[in-house]
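Structure first, then comments.
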Amino acid sequence: MTSRVRTAGVIPPVFAAALFVCAVGLAGGLLTQPSEWSAALQRPAWQPPPWVFGTVWAFVGLSVTFALAAAWEALSRSRDCKAFLTLMAVNAFFNIAWNALFFSLRRPDLALIDIAALWISIAAIIAFLAVRATPKAALLMTPYLGWITIAAALNFEIVRLNAPF
């Protein structure tokens, strides 16, 4: 007997995905408060200007929303749905934890470890979607992986330029 996650008639998958993405973004955003400490950090010359972060995160959020909706549609009638939702929950944890570690606890060194786990979780989701769901959903997750790759390099440079913590 296969499990089935029902959204039809309750919440369409794209809205459920958008709610999830917005909730993760809101939780992370609440932990990302500008401070004198963060403003004083030395940063690499190649860091994008502040407006780029919001713009890219908006694009990544849309891309992930459509990836989740496509995956949900493809997996809703399979046992793989629980595994996918677990991967997404793990990813959300690491995404939110990075903000807490970097900004709230002021530990970019620990955030660097977290962002490595976040990167691995995204790569695992992409691989899972490519094999178990739909390549379209996997492709829609790649901007997220690309942005986190850049964020990880930036996090590394901030640790290198400002250590020890």
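Annotation: side chain of F103 is in contact with side chain of W98 (closest heavy-atom distance under 4.5 Å). Counting only heavy atoms from C-beta outward, the side chains of R43 and S38 approach each other to under 4.5 Å. Side-chain contact between F128 and L75: present, with at least one pair of heavy atoms (C-beta onward) separated by less than 4.5 Å. Here the side chains of W72 and V14 are not in contact, with every heavy-atom distance at 4.5 Å or above. Proximity of W57 to Y144: side-chain heavy atoms (C-beta onward) are separated by under 4.5 Å at one or more points. Contact annotation: the side chain of L31 never approaches that of F102 to less than 4.5 Å [non-hydrogen atoms, C-beta and beyond]. P108 places a side-chain heavy atom less than 4.5 Å from the side chain of F165. Contact annotation: the side chain of R106 approaches that of S35 to within less than 4.5 Å [non-hydrogen atoms, C-beta and beyond].
I148 CD1 to I115 CD1: the interatomic distance, rounded to the nearest 0.5 Å, is 5.0 Å. In this structure, CD1 on I126 lies 6.0 Å from OG1 on T142, to the nearest 0.5 angstrom. With values rounded to the nearest 0.5 angstrom, L154 atom CG is found 4.5 Å from Q47 atom CD. Taken from CD1 in I125 to CD1 in I120, the straight-line distance is 12.0 Å, to the nearest 0.5 Å. Taking CG of L68 as the start and CG of L129 as the end, the distance is 8.0 Å to the nearest 0.5 Å. Atom CG in N99 sits 10.0 Å away from atom CD in Q33 (nearest 0.5 Å).
Remark: W119 CH2 is loosely packed, at most 12 non-hydrogen atoms of other residues, nucleotides or ligands lying under 6.0 Å away. Heavy-atom contacts from other residues, nucleotides or ligands closer than 6.0 Å to CZ of F53 number more than 12.
Cluster annotation: L161 and I158 are assigned to distinct hydrophobic clusters (Ile/Leu/Val/Met/Phe/Trp/Tyr, side-chain heavy-atom contacts under 4.5 Å, transitive). Residues V131 and L145 fall into different hydrophobic clusters, defined by Ile, Leu, Val, Met, Phe, Trp and Tyr side chains chained together at heavy-atom separations under 4.5 Å. F156 and L101 fall into different hydrophobic clusters, where Ile, Leu, Val, Met, Phe, Trp and Tyr residues are linked whenever their side-chain heavy atoms come under 4.5 Å apart, directly or through other members.
Side-chain N or O atoms of S63 include none that pairs as donor or acceptor with a backbone N or O of F59 at under 3.5 Å.
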